[in-house]
Structure formats: C-alpha cells, structure tokens
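What follows is a short report on a single structure.
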Amino acid sequence: MDNIDNNIILSVKNVGKSFPGVKALDNVSIECRRGSVHGVVGENGAGKSTLMKILSGVYTKDSGTVMFDGETIEHTTPIQSIKKGLSIIYQEFNLVNTLTVGENIYLGRFSEMKGMRNIHKKARELLDSIGSTINTHRMVGDLSAAEKQMVEITKALSFDSKLIIMDEPSSSLTSDELKQLFVIIGDLREKGVTIIYISHKLDEIFELCDIVTIMRDGRVIDTKPTTDLDRSEMIAKMVGREIENEFPPRPHCVGETIMEVKKIRTRKLNDISFTLKKGEILGFVGLVGAGRTEIIRAIYGADKTKELEILINGKPVNIKKPIQAMRESIGLVPEDRKLEGLVLPFSVQSNIAMASLKGISKFGFVNASKEKEIADRQIKNLSVKTPSPHTKVVTLSGGNQQKCIMGRWLEINPDILILDEPTRGIDVGTKYEIYLLIKEIAEKGGSVIMISSELPEVLSMSNRVLTICEGRITGEFNPEKDSAHDIMDAAIG
C-alpha cells in the first residue's frame with residue numbers, strides 16, 4: 001500500500017474472465033491517470049466491453065486485482081460502483097424515455113433529493129456546468145441522441161464521478177454535436193475527471209486521447225501515448241495484421257436500371273425520386289435527421305407513404321409491408337441491429353436462417369437440420385465468432401451480430417440489398433470484411449443502397465452518391481470525380 005501512486009486513479013492487474021467456450025480476458029493490465037482521457041481500442045470481441053462491465057460491477061472477474069481511487073475492489077455492484085465515483089455511459093443509452101430529464105438524472109434518489117423542485121434545480125445546475133441548455137422538464141423520449149448523451153454525462157456527474165467510461169459515445173452524433181462532446185470532455189479533464197474513451201473511430205482517439213490501450217483477443221497488446229503511434233501501426237496491432245488500405249478497390253460493374261423510385265412523399269419526405277442500376281453501389285449522404293433512413297423505410301414498406309411508385313425491371317410493384325419487399329427480392333440491414341435487425345433471445349442459427357424460413361419449413365415447422373446447415377455455411381463464410389450456432393445472438397459482439405444479419409441476406413442472394421449504417425460500432429478489421437462483402441455482391445450483379453454517416457466510407461465504396469437534406473434530394477455526384485467538399489455542401493443544403 002505504501003507504494004500507491006496517487007496520480008493513478010485506476011489500476012487493473014492481471015484480470016481474467018471466462019465464459020462457456022470463450023476466454024474473454026486474459027491477464028489484462030491497465031492503469032489510468034487522474035484527469036486524463038484514456039482511449040481503449042480493439043476489434044469487436046477484443047474484450048473491451050467485458051473489462052468495462054467488470055469495472056462497473058456488471059460482471060465479476062475470475063482473477064486479478066482492481067484498485068480504484070486507492071481502494072482495492074473485490075466484489076461490487078453497478079450501484080456501489082457509481083457511489084464510489086466510477087460511472088459508465090453505454091452505447092445504448094440507459095435512460096427512461098417516459099420520465100423527464102431531471103427525473104432521469106436523479107432516478108432512484110427522489111427521496112434523498114427532498115422534492116421534485118430540488119431535483120430540477122440541481123439538474124439545471126449540473127447541465128449548466130457542461131454548457132447544456134436542455135430543459136430539465138422535457139421528456140427524455142423527445143430528445144435527440146446528442147441531448148441524451150448530455151443527460152447521461154450529467155447523470156454521471158450527479159454522483160460526483162471521478163472516472164467516466166464512455167462506450168462509443170459518438171456513434172449517433174453529427175459533426176457539430178461531436179465537437180460539443182469534445183468540449184465537454186475537455187472541461188471534465190480540466191476539472192480532474194478521468195475519461196475512458198472507447199471508440200472504433202480512430203480519428204477521435206488521436207484527437208482526444210492522451211494515451212491509448214490496444215486490445216486483441218482478450219489481451220492488452222500495447223499501451224502508449226497517442227503521440228507515439230500512427231494510424232497504420234494502431235490498426236496493425238488491433239487486427240494482428242497489416243491493412244494497407246482501409247477500403248477495397250471500388251467495383252466497376254454498373255449495368256442497366258433495376259429499380260426506379262418515383263415521388264416518395266411522406267410527412268418528412270418531399271418528392272424523392274431516383275434510380276438504382278444493376279451491379280451499382282448507390283450511396284446516400286446527409287446529416288442525421290435529413291431523411292435518409294425514412295427513404296429506405298418507405299421503399300421497404302416499413303413506413304406509410306402519401307405517394308410512392310416503384311418499378312423493378314420496368315414493372316410496377318406494390319410494396320406496403322416488409323414481407324412484400326422480400327418477395328420482390330429486396331433485403332434490408334437496418335440502422336439499429338438490436339432493435340430492428342435481430343431477435344436477441346433467439347440463437348445465432350435462428351437469426352441467420354430467418355429470411356430462409358419459407359424454404360426450410362413445412363406446415364409451420366422448421367427443419368432444424370436445414371436451419372443449422374444454413375447457419376453453419378454463413379458462420380464459416382463470414383467468420384462469425386460464436387461458440388456455437390445455438391449460442392444466443394445477444395451474447396455476440398456488435399460486429400459478429402452484424403455479420404449474422406449480412407449472412408441472413410447473403411443466403412437468399414437478393415437482387416437489391418439496402419444497408420443502413422452497415423459498419424456502425426464495428427471495428428476496422430470487421431469493417432474491411434463487410435466492405436469486401438459489399439464489393440462481392442455488386443460484382444455478382446447485385447445492387448446495393450448504402451447509407452452511412454461516415455463520409456469516407458460512402459465516397460470510397462459508392463459508384464454514385466445522392467445527397468439528402470431536409471427530406472429532399474439535393475444533388476447527384478460521382479465520388480471518383482467530385483470533391484468531398486462539394487458533396488457535403490449539398491448535404492448541408
């Protein structure tokens with residue numbers, strides 16, 4: 001105890017954790033200094049989330065020691081962890097949409113706050129301290145993703161947190177909202193609060209973090225100041241191999257028009273019309289809330305429309321429900337894989353075979369051996385990391401969950417595949433694998449519509465780009481010839 005360095009707020013030494021069939025953490029050691037921003041990077045399944053859940057009391061470690069703020073932590077719960085001053089902000093917000101901002105910040109502590117008036121007063125003071133103007137009486141369900149992020153940070157500060165873990169905090173933020181988050185993190189650092197920042201966006205790690213820990217396969221590969229690393233070295237250590245380019249060569253196999261969309265009109269969309277060609281990757285670029293997702297939901301029959309005409313191979317089709325879109329050989333990988341793409345309590349096998357049920361079912365009964373055959377094929381093709389096809393899909397990493405959805409559609413080989421944020425929350429190595437899959441689909445004559453908030457991704461993969469702003473198409477561009485500046489100008493409107 002006499003050798004404790006008071007500048008170290010968190011010391012993790014030789015921590016191990018195993019689940020059935022998986023060694024999630026193998027002798028992991030990390031130290032975080034007070035008032036620093038400590039980045040943690042690694043592929044999906046590297047062990048980042050498992051480590052953070054141990055620190056926050058969700059999981060119990062199998063071995064090793066954890067010392068926080070000078071105290072050795074043996075067994076803790078999430079509530080005890082928060083009270084000690086260690087908070088975590090998950091990628092999926094831990095908020096109650098039907099309560100107000102103030103009520104969410106002090107949830108579970110109403111009696112000690114001595115009345116709702118005091119709750120809103122204290123919440124207002126905390127929000128002011130991070131430069132947020134959110135009304136404490138607003139319902140959380142009415143807030144944007146960025147505003148919810150501010151509420152989560154404020155909730156952490158309400159416990160006088162000394163260390164805040166942020167897991168993929170920028171995944172749903174616009175560039176302006178991200179700048180605001182960076183300012184808040186800078187202010188917290190100045191106040192002596194330590195931040196552990198987990199992100200797959202390496203630009204953010206280099207811009208924001210003082211030091212970075214790189215994890216792979218449940219182990220710590222390296223810990224260095226960000227100034228001592230470059231991007232290619234970081235990627236190589238994350239994936240265990242050199243990746244010369246983050247994007248594969250763009251496919252050039254565009255053919256005749258396969259789909260024509262005319263005059264989509266909804267409450268948000270106004271006269272959206274475009275064409276999609278065989279073998280084409282068509283990218284949609286726009287700010288969050290511009291209407292990109294609404295366009296593909298209208299095409300797929302997930303949202304009601306006031307007006308819409310779709311022609312596939314020159315013939316009018318009537319799509320009012322997703323099942324009708326599937327019958328027209330259209331697949332969709334949705335933006336929110338957990339809410340809309342997967343049945344989380346079901347197995348990996350059931351999720352992968354879900355689009356193939358018609359061919360493997362009789363009288364309402366699924367042929368289990370054929371279902372397993374489909375799952376085994378796609379698990380092998382896509383290198384899905386899972387202990388078994390019977391493992392619940394909820395236990396997989398984000399990247400492997402995304403592969404399950406991709407495998408579902410690759411099994412039935414749709415003519416048109418719509419991808420909404422296909423690499424959100426996915427590591428750089430898995431991203432490259434998904435890019436190769438997209439390229440392969442186009443080269444085999446399939447057509448892809450790709451929506452992404454990451455401009456380099458769209459510009460590097462697409463044959464043609466449409467910009468969306470406030471429910472309208474504002475431009476059409478050739479990403480090989482037109483500048484990123486001009487494309488973003490049209491997207492901003």
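The model shown is predicted, which means the values in this text are computed figures rather than measured ones.
Considering CG of Asp271 and NZ of Lys262, their distance stands at 12.0 Å, rounded to 0.5 Å.
Arg327 is linked by a salt bridge (charged side-chain N to carboxylate O under 4.0 Å, His left out) to nothing, counting only residues two or more places apart in sequence or in another chain. Looking at residues two or more places apart in sequence or on another chain, you find a side chain to side chain donor-acceptor pair (under 3.5 Å) between Thr223 and Thr213. Legend: residues meeting salt bridge (charged side-chain N to carboxylate O under 4.0 Å, His left out) with Asp210, ordered by chain and number and at least two apart, are Arg189. The side chain to side chain donor-acceptor pair (under 3.5 Å) check on Thr226 picks up nothing, with sequence neighbours excluded. Listed by chain and number, the residues in a side chain to side chain donor-acceptor pair (under 3.5 Å) with Asn104 amount to none (sequence neighbours excluded). A search for side chain to side chain donor-acceptor pair (under 3.5 Å) contacts involving Arg297 returns Asp303, Glu340, not counting sequence neighbours. Glu152 pairs by the salt bridge (charged side-chain N to carboxylate O under 4.0 Å, His left out) definition with Lys155, not counting sequence neighbours. When the salt bridge (charged side-chain N to carboxylate O under 4.0 Å, His left out) test is applied to Glu207, no partner is found at least two apart in sequence or on another chain.
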Just list the side-chain donor-acceptor pairs under 3.5 Å for residues 360-375, sequence neighbours left out, or say none.
{"from": "Ser361", "atom 1": "OG", "to": "Leu357", "atom 2": "O", "distance (Å)": "2.7"}
{"from": "Asn367", "atom 1": "OD1", "to": "Ser369", "atom 2": "N", "distance (Å)": "3.2"}
{"from": "Asn367", "atom 1": "OD1", "to": "Ser369", "atom 2": "OG", "distance (Å)": "2.7"}
{"from": "Asn367", "atom 1": "OD1", "to": "Lys370", "atom 2": "N", "distance (Å)": "3.1"}
{"from": "Glu371", "atom 1": "OE1", "to": "Gln349", "atom 2": "NE2", "distance (Å)": "2.9"}
{"from": "Lys372", "atom 1": "NZ", "to": "Asp376", "atom 2": "OD2", "distance (Å)": "2.7"}

Determine all donor-acceptor pairs shorter than 3.5 Å in which one atom belongs to a side chain in residues 309-319; sequence neighbours excluded.
none

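Arg472 CZ: 12 or fewer foreign heavy atoms inside a 6.0 Å radius. Counting non-hydrogen atoms of other residues, nucleotides and ligands closer than 6.0 Å to NZ of Lys321 gives a total of 12 or fewer. No more than 12 heavy atoms of other residues, nucleotides or ligands lie within 6.0 Å of CD in Glu470, so this atom counts as exposed by the packing criterion.
Of the possible donor and acceptor atoms, one in the side chain of Asn463 sits under 3.5 Å from a partner among the backbone N and O of Pro251. The closest donor-acceptor contact from the side chain of Ser447 to the backbone of Leu276 lies at 3.5 Å or more, if one exists at all. Between the side chain of Lys61 and the backbone N or O of Ile54, no donor-acceptor pair lies under 3.5 Å. Side-chain atoms of Thr467 come within 3.5 Å of backbone N or O of Gly475 as a donor-acceptor pair. Here the side chain of Arg337 pairs no donor or acceptor atom with the backbone of Leu342 at under 3.5 angstrom. For the pair Glu168 (side chain) and His200 (backbone), a donor-acceptor distance under 3.5 Å is present. Checking side-chain atoms of Ser29 against main-chain N and O of Asn14 turns up a donor-acceptor pair under 3.5 Å. Put simply, the side chain of Asn351 gets close to the backbone of Val343: a donor and an acceptor are under 3.5 Å apart. Put simply, the side chain of Asp486 never gets that close to the backbone of Asp482: no donor and acceptor are under 3.5 Å apart. With hydrogens and angles disregarded, a donor-acceptor distance shorter than 3.5 Å links the side chain of Ser388 to the backbone of His390.
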| task | Start with the C-alpha distance between Glu256 and Lys277, add both sets of side-chain angles, then the distance that settles salt bridge (Lys or Arg N to Asp or Glu O under 4.0 Å), and finish with yes or no. | result | CA-CA 5 Å; Glu256 299 296 318; Lys277 299 180 185 299; over 6 Å; no

| request: Kindly indicate, with the supporting measurements, whether the criterion side-chain contact (heavy atoms from CB on, under 4.5 Å) is fulfilled by Val285 and Ile468. | output: CA-CA 6 Å; Val285 172; Ile468 319 294; over 6 Å; no

| task | Show your working on salt bridge (Lys or Arg N to Asp or Glu O under 4.0 Å) between Lys23 and Asp217 and close with a plain yes or no. | result | CA-CA 8 Å; Lys23 192 170 185 64; Asp217 297 332; over 6 Å; no

| request: List the steps and the verdict of side-chain contact (heavy atoms from CB on, under 4.5 Å) for Ile416 and Ile299. | output: CA-CA 11 Å; Ile416 298 167; Ile299 294 169; over 6 Å; no

| task | May I have the step-by-step check of side-chain contact (heavy atoms from CB on, under 4.5 Å) for Ile89 and Ile165, ending in yes or no? | result | CA-CA 6 Å; Ile89 300 173; Ile165 300 167; over 6 Å; no

| task | Give the intermediate values and the outcome of side-chain contact (heavy atoms from CB on, under 4.5 Å) for residues Met52 and Tyr90. | result | CA-CA 10 Å; Met52 299 311 148; Tyr90 293 102; over 6 Å; no

| request: With salt bridge (Lys or Arg N to Asp or Glu O under 4.0 Å) as the test, would you mind laying out the steps for Asp26 and Arg219 before giving the verdict? | output: CA-CA 5 Å; Asp26 186 4; Arg219 298 183 180 93; 3.1 Å; yes

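Residues Glu433 and Ser383 have side chains that never bring a donor and an acceptor to within less than 3.5 angstrom of each other. One side chain, Glu421 or Ser453, offers a donor N or O that lies under 3.5 Å from an acceptor on the other. Residues Ser356 and Glu411 bring no donor and acceptor atom of their side chains to less than 3.5 Å of each other. The closest side-chain donor-acceptor pair between Thr266 and Thr305, if any, does not fall under 3.5 angstrom. Side-chain atoms of Tyr197 and Glu204 include a donor-acceptor pair closer than 3.5 Å.
Put simply, the side chain of Thr275 does not reach to within 4.5 Å of the side chain of Val261, judged on heavy atoms. Looking at heavy atoms from C-beta onward, Ile214 lies in side-chain contact with Leu229 at the 4.5 angstrom threshold. Between Lys278 and Val254 the shortest side-chain heavy-atom distance does not fall below 4.5 Å. Val40 is listed as a side-chain neighbour of Ile196, based on a closest heavy-atom distance under 4.5 Å. Between Lys306 and Arg267 the shortest side-chain heavy-atom distance falls below 4.5 Å. Counting heavy atoms from C-beta outward, Leu459 and Ile487 have side chains that approach closer than 4.5 Å. Asn27 places none of its side-chain heavy atoms less than 4.5 Å from the side chain of Val15. Annotation: side chain of Val41 is not in contact with side chain of Met215 (no heavy-atom distance under 4.5 Å).
Looking at Val448, Ile281, Leu332 one by one, the single match for side chain to side chain contact (heavy atoms under 4.5 Å, CB included) with Leu419 turns out to be Val448.
Here the closest heavy-atom approach between residue Ser347 and residue Pro389 is recorded as CB-O, 3.6 Å.
Using a cut-off of 4.0 Å between Lys/Arg side-chain N and Asp/Glu carboxylate O, Lys431 and Glu454 are scored as salt-bridged.
Sorted pairs that involve residues 474-493 and meet ring-ring contact (aromatic ring centres under 6.0 Å, His included), not counting sequence neighbours, are lacking altogether. Pairs engaging residues 248-297 under the ring-ring contact (aromatic ring centres under 6.0 Å, His included) rule: Phe274-Phe284 [sequence neighbours left out].
The cationic group of Lys17 lies under 6.0 Å from the six-membered ring centre of Phe19 and within 45° of the ring axis, placing it in a cation-pi geometry.
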